[in-house]
Amino acid sequence: MFHGIIFKEQPSEDICYHLSAKINQLVFEPEHHHIVTKRFLNVWVAQESEFSSLSFTKVHHPRRAIIMAWTRLDNVNELILKHQLNLATTPAELILHLYFKLKEDCVKSLLGDFSVAIYDIDAQRLFCARDPMGIKPLYYCHHPQGFAFSTSLRFFHLLGTPAPRLEWVCNKLSHCIQGTAFEETVYHQIYRCLPAHYFNKTSDSFKKIRYFHFHDEKTRLKSSNEYVDYYEAHLDRAIRRRAHVTHPLGAEQSGGLDSASVTAYAVQHFARGSKDFHTFSFALDANDPQAIFSVNQQHGLHSAYVCCDPLWYLDSPHRACEVFGAPAHHNAAIQCEIFHQHAQRLGVRTLLSGFGGDECVTAGNLQLYFYELLANQQYRRLLQAMPGSSLTRMLRAMRFLYVNREHSCVPDNGIRQSLQARWPTASIVAPSLIQQYQIKKTYDQLSQFSQGYNNLNAFILDYTLSPCSISARAEECTLMASHYGIEYAFPLLDVELVQCYLSIPSEEKYYRGQKRYLHRRAVAKHLPPHMSARNSKNMGTRLTPYNPMAFILNEDLHPALLNILQKEKLEQQSQALKNATASDLAAPSLIQARHNILTVNALDTWLKYFYPTGCDWQV
């Protein structure tokens, strides 16, 4: 992690001294991490690092520059050889060399996860960039004293209390955060550098550029088996890059196909063997243990950590404030902290996740494929794609064609219907604010989901690959893990793997009602048969009791929050949850009520933590 500020004028020694003293507040575990600070003329920077590693803040002469890079690069050796550099060159030194040689285009050469900040002292120019998938975070703001940037929003609280944005909070409370501009954060005038973007900042200009796009051009191979081999080669390489470590390795195991695939391939490439390979899981439903342990048994993994309470973190309500400096976009980052705590004790330094499979490379939206075939008038393939026997497929295809005789794209979907039914429960913000920020309109747009699409790749590119779907979760998971000295790695979000999947024709991805057909064929030889054959994510009935803390609304809600909520409605929902039986809690309205209570409590904790005496909303 790194932080910095470029002052408009050369700062006094006192300012830099106090800033360096306050920056230590960001150290989560002093026994494992420390912060190195440096000052050069009008620039102050800080780099958090482990005691065992060197700070990668560098100054080079005769071209004086400071580089800070939070990286996990896959092509360091290739770039070192290509540019004839010393084999001992660090990733930060490599990026700085590429910057002076290629300028902004240097980021197009980098393969991996990274946030980079380079300040050219002589030219007084700041260059910042972020990886295409947005795994490593990067934020910035135009501060009264200068220009500040950081890999954590927590840093900006050290420069003065930032003003919270009312619109962001209202959208969060209404479960519409995916409909907001991802560049904007919860704080007024503090922004996020978007994935696949870089920016240049000088004393009189600020310019943002997108440097990377996925494309939809198809790869043409001779047979279906060649497509399977092509996909598996990319999958294997993506996992191998992240499993090629010399320290103990960990992998999350959800019991699903994606995490099982990552675990199975990683074991093959991990040089230290199964004794230093550890898995971490949540087991809530009846079939979870069998799915989780069958993978461990097949590959001889004897170390498995299983947690049965996904809301254990409610006992530590301030964690998002301490680590993110803001309310969490996605609870997965806080939820999985229990894995990081245990992994750290085991010496695990890299933790693999299966996140990204559903979204990018094993997409199971079979309905969209039907409409893609309909739009392209590929009726024979439509018949083949239907599940069942020859007669059943024929009848299903005829029914599909009849029902959609006036449609060429998804006309409606169950997700929209479910979310629309939840709106009366979800709308807990004051009606005047719902109208002011057009929240119902945003909610309606999000609930459409795949409605209006008839192309699988278009949906992936427009919706599931959007920063709010991918980067929001990945960057927070990365931040949380980093506080425990752990590198969170997402093999299924590998840029080359995602592009490979987009380049394969849709007909290779589905067959006779089988979702994830391409991925199943590729990984079947490494997984238990029941795992690769299962066509549903249903893991049976829930066995883990619900955490009662999820039903209790915080007492004495922050006044700023009370002013924008329908408190009576919330209290009624909280009471209904307390009185409900275990079977009642599965009802959509009560599921939504639980989400409401958790969201309100999280925002209340955030406001009390940073604004104990009150705050003025920025409208």
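Excluded from the calculations below are hydrogen atoms, water molecules and symmetry mates; all remaining heavy atoms, backbone and side chain alike, are included.
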Test side chain to side chain contact (heavy atoms under 4.5 Å, CB included) applied to His269 and Asp236, step by step: CA-CA 9 Å; His269 298 297; Asp236 183 76; 2.8 Å; yes
Does some side-chain heavy atom of Leu79 sit less than 4.5 Å from a side-chain heavy atom of Leu110? yes
Ile460 side, atom CD1; Asn455 side, atom CG - distance, nearest 0.5 Å: 9.0 Å
Go through the structure and list residues passing side chain to side chain contact (heavy atoms under 4.5 Å, CB included) with Leu461, not counting sequence neighbours. Phe214, Leu465, Leu502
Are a donor atom and an acceptor atom from the side chains of Ser471 and Arg130 found within less than 3.5 Å of each other? yes
Taking the side chain as C-beta and beyond, is there a heavy-atom pair between Val410 and Phe449 under 4.5 Å? no
Can you check whether His299 reaches Thr263 side chain to side chain, under 4.5 Å on heavy atoms? no
Check for a donor-acceptor pair, side chain of Glu475 on one end and backbone N or O of Ile135 on the other, with a separation under 3.5 Å. no
Sub-4.5 Å side-chain heavy-atom contact between Phe280 and His342: yes
Ignoring hydrogens, what is the shortest heavy-atom contact between Thr362 and Tyr501? Give both atom names and the distance. C-OH, 4.1 Å
Take Glu183 and His197 through the side chain to side chain contact (heavy atoms under 4.5 Å, CB included) test and state the conclusion after the steps. CA-CA 11 Å; Glu183 189 174 14; His197 281 69; over 6 Å; no
Considering only heavy atoms from C-beta outward, does the side chain of Arg220 approach that of Pro505 to under 4.5 Å? yes
Between Phe149 and Phe199, does the ring centroid distance fall short of 6.0 Å? no
Residues, nucleotides or ligands: over 12 heavy atoms within 6.0 Å of His244 NE2: no
Determine the minimum heavy-atom distance between Met133 and Ile470, stating which atoms define it. O-CG2, 3.9 Å
So Thr350 and His247, side-chain hydrogen bond (donor to acceptor under 3.5 Å, both in side chains) or not? Walk me through it. CA-CA 8 Å; Thr350 298; His247 46 257; 2.9 Å; yes
Do Cys106 and Lys101 have side chains that approach each other closer than 4.5 Å (heavy atoms only, starting at C-beta)? no
Could you give me the CA-CA distance, side-chain angles and deciding distance for Asn171 and Thr180, then say whether side-chain hydrogen bond (donor to acceptor under 3.5 Å, both in side chains) is met? CA-CA 7 Å; Asn171 275 292; Thr180 61; over 6 Å; no
Taken in chain and number order and not counting sequence neighbours, the residues that satisfy side-chain hydrogen bond (donor to acceptor under 3.5 Å, both in side chains) with Tyr517 are none
Could you tell me if Asp258 and His519 have a donor-acceptor pair between their side chains, going purely by distance under 3.5 Å? no
Which heavy atom in Ile334 sits nearest to a heavy atom in Ala320, and how many Å separate them? CD1-CB, 3.8 Å
Distance from Ile209 atom CD1 to Tyr198 atom OH, nearest 0.5 Å? 5.0 Å
Out of curiosity, Glu359 CD to Ser466 OG, how far, rounded to the nearest 0.5 Å? 10.0 Å
For the atom pair CD (Gln499) and CD1 (Ile504), what is the distance rounded to the nearest 0.5 Å? 10.5 Å
Determine whether His526 and Tyr265 satisfy the following criterion, ring-ring contact (aromatic ring centres under 6.0 Å, His included), listing intermediate values before the conclusion. CA-CA 7 Å; His526 299 300; Tyr265 277 78; 4.6 Å; yes
Compute the ring centroids of Phe2 and Phe155, then answer whether they are less than 6.0 Å apart. no
Taking atom NZ of Lys207 as the centre, does the number of heavy atoms from other residues, nucleotides or ligands within less than 6.0 Å exceed 12? no
Strictly by salt bridge (charged side-chain N to carboxylate O under 4.0 Å, His left out), give each pair with a member in residues 493-507 just once, sequence neighbours left out. Arg237-Glu496, Arg241-Asp494, Arg241-Glu496, Arg242-Asp494, Arg381-Glu507
Test of understanding: with side chain to side chain contact (heavy atoms under 4.5 Å, CB included), list the residues that count as partners of Thr89, not counting sequence neighbours. Ile80, Leu85, Asn86, Glu93, Leu94
Hey, is NZ on Lys218 packed in by over 12 heavy atoms from elsewhere, all under 6.0 Å? yes
To the nearest 0.5 Å, tell me how far His330 NE2 sits from Ser469 OG. 9.5 Å
Is the backbone N or O of Pro137 less than 3.5 Å from a side-chain atom of Ser115, with the two atoms forming a donor-acceptor pair by type? yes
Spell out, as yes or no, whether a donor-acceptor pair under 3.5 Å connects the side chain of Ser418 to the backbone of Ile415. no
Worked verdict on Gln341 versus Tyr305 for side-chain hydrogen bond (donor to acceptor under 3.5 Å, both in side chains): CA-CA 11 Å; Gln341 293 173 353; Tyr305 179 84; over 6 Å; no
Trace of the side chain to side chain contact (heavy atoms under 4.5 Å, CB included) decision for Cys477 with Phe355: CA-CA 11 Å; Cys477 287; Phe355 173 58; over 6 Å; no
Main-chain N/O of Tyr187 paired with Thr185 side-chain donor or acceptor, under 3.5 Å: yes
Cation over ring, Lys103 on Tyr99, under 6.0 Å and within 45°? yes
Pairs flagged by salt bridge (charged side-chain N to carboxylate O under 4.0 Å, His left out) wherever residues 476-491 is involved - sequence neighbours left out: Lys136-Glu487
For atom CD of Gln178, decide whether the heavy atoms of other residues, nucleotides or ligands shown that lie under 6.0 angstrom number more than 12. yes
Would you call Leu492 and Leu235 a side-chain contact if the rule is heavy atoms closer than 4.5 Å? yes
Over all atoms of both residues, closest heavy-atom pair of Tyr463 and Leu446: OH-O, 4.3 Å
Taking the ring of Tyr453 and the ring of Tyr371, is the distance between their centroids below 6.0 Å? no
Non-hydrogen atoms of Ala92 and Ile67 that approach each other most closely: O-CD1, 3.2 Å
Can you name the nearest heavy-atom pair linking Ile338 to Cys307, along with the distance? CD1-SG, 4.0 Å
Rounded distance (nearest 0.5 Å) linking atom CD of Glu508 with atom CD of Glu226: 10.0 Å
Does Leu81 form a side chain to side chain contact (heavy atoms under 4.5 Å, CB included) with His83? I'd like the steps, not just the answer. CA-CA 6 Å; Leu81 293 174; His83 295 277; over 6 Å; no
Are the side chain of Tyr231 and the backbone of Val361 linked by a donor-acceptor contact shorter than 3.5 Å? yes
Is Tyr211 atom OH crowded by more than 12 heavy atoms from other residues, nucleotides or ligands, each under 6.0 Å away? yes
Contacts of Leu382 meeting side chain to side chain contact (heavy atoms under 4.5 Å, CB included) (sequence neighbours excluded), chain-then-number -> Phe370, Leu373, Met386, Phe400, Leu401
Could you check whether any side-chain heavy atom of Tyr140 comes within less than 4.5 Å of a side-chain heavy atom of Lys201, counting everything from C-beta outward? no
